[in-house]
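First up is the structure itself, then whatever we jot down about it.
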Amino acid sequence: MSPRARGRALGALALLGLAAGFAPQAVQARDGGACTACRDVHADFARTEHCARRAGDFVRIDPARLARMPFRGGVTEIVVDGIGALWARRDGLALAVFPLDNGPDPFAQGLVRARHAGKVAFHDRRLRRVLATDFDWSFPFNARGEALVCQGCRSDGRQPSAMIGGRWGLIDRRGRLTRPLAEGRGAARRYFDWPR
């Protein structure tokens, strides 16, 4: 499927309200929940009923449904009705991550952004949470190992949306502030390497 066709298909799903959420597997999950349908992004979004179920912060996908999908770096992307775009391992463990251009947030510097307890968290390719933060939003880690983060910011409500307000700073891969939280664009200038 061409990137353009994939974008149109994902856009159609979003219009139907399906891209906002998908759920995990037909195998009984720890904390139950209703089974829901999955869509294979590698096969024109072919729909499979009863393949996913919520399992705490994760989703369980029926591993048989993943068997024919291509994996890169140990994960593949899948869309689950009612949940959204996820990265999934071969064993069926899947993580809902930030959406980006009608798909899952890409891994940057080996980490992907997700939500944990209403705040930003970062997970590795094995989907292990390696950093939980107290920040409301974050950009991915850049090549210098810094992520632009904010507290008190919010979406402007547009599509595509932008984050506005709040105080912004930079963190390292351990979650320590390398540039203190402040209003203004100082942290963004450094993160994006804008001229001063």
Side-chain angles (χ1 to χ4, degrees), residues 1-7 9-11 13-14 18-31 33 35-117 119-133 135 137-143 145-147 171 173-175:
M1 171 183 269
S2 74
R4 180 179 217 143
R6 179 176 179 255
L10 281 170
L13 285 173
L18 298 175
F22 300 85
Q25 134 188 349
V27 175
Q28 204 55 296
R30 223 180 31 230
D31 39 23
C35 289
T36 189
C38 298
R39 295 181 183 274
D40 183 349
V41 300
H42 308 287
D44 294 329
F45 293 93
R47 182 182 170 105
T48 303
E49 295 294 332
H50 309 294
C51 80
R53 178 182 306 279
R54 279 226 180 255
D57 286 347
F58 293 91
V59 173
R60 280 278 172 200
I61 308 292
D62 182 356
R65 305 295 179 215
L66 299 173
R68 292 183 296 276
M69 291 184 185
F71 282 76
R72 292 182 318 269
V75 293
T76 191
E77 57 186 311
I78 190 166
V79 174
V80 178
D81 290 350
I83 296 172
L86 300 92
W87 285 109
R89 299 186 326 201
R90 291 181 193 279
D91 66 0
L93 184 70
L95 175 69
V97 298
F98 282 35
L100 183 67
D101 295 335
N102 296 323
D105 196 36
F107 285 84
Q109 302 300 310
L111 301 175
V112 67
R113 301 172 294 164
R115 291 270 176 210
H116 176 70
K119 301 294 182 178
V120 176
F122 292 89
H123 294 254
D124 65 15
R125 284 190 169 274
R126 294 188 65 202
L127 306 183
R128 296 176 298 195
R129 187 172 43 251
V130 297
L131 177 60
T133 75
F135 300 106
W137 177 257
S138 176
F139 281 87
F141 282 97
N142 62 20
E146 293 177 318
I171 60 169
R173 291 177 57 106
R174 290 186 171 172

Is T76 reaching over with its side chain to a backbone N or O of P70, donor-acceptor style, under 3.5 angstrom?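 Looks like yes, one N/O pair under 3.5 Å.
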
Below 4.5 Å, heavy atoms only, C-beta onward: do [X] and [Y] meet side chain to side chain?
{"X": "W87", "Y": "E77", "value": "yes"}
{"X": "C38", "Y": "I61", "value": "yes"}
{"X": "L86", "Y": "F58", "value": "no"}
{"X": "W137", "Y": "F139", "value": "yes"}
{"X": "I171", "Y": "E146", "value": "no"}
{"X": "D124", "Y": "L111", "value": "yes"}
{"X": "R113", "Y": "P140", "value": "yes"}

Drop me the distance from [X]'s [atom1] to [Y]'s [atom2], to the nearest 0.5 angstrom.
{"X": "R65", "Y": "R39", "atom1": "CZ", "atom2": "CZ", "result": "14.0 Å"}
{"X": "I78", "Y": "M69", "atom1": "CD1", "atom2": "CE", "result": "3.5 Å"}
{"X": "H42", "Y": "R68", "atom1": "NE2", "atom2": "CZ", "result": "13.0 Å"}

Please identify each residue that fulfils salt bridge (charged side-chain N to carboxylate O under 4.0 Å, His left out) with D40, with sequence neighbours left out.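 Expected list: none.
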
Shortest non-hydrogen contact from [X] to [Y]?
{"X": "V112", "Y": "D105", "value": "CG2-O, 3.3 Å"}
{"X": "R54", "Y": "V59", "value": "NH1-CG2, 4.3 Å"}
{"X": "L66", "Y": "G92", "value": "CD1-CA, 3.7 Å"}
{"X": "S138", "Y": "F98", "value": "O-CE2, 4.2 Å"}
{"X": "V75", "Y": "R125", "value": "CG1-O, 3.2 Å"}
{"X": "R173", "Y": "Q109", "value": "NH1-O, 2.6 Å"}

If you count the non-hydrogen atoms of other residues, nucleotides and ligands that lie under 6.0 Å from CZ in R126, is the total more than 12?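 For R126, atom CZ is not crowded (no more than 12 foreign heavy atoms under 6.0 Å).
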
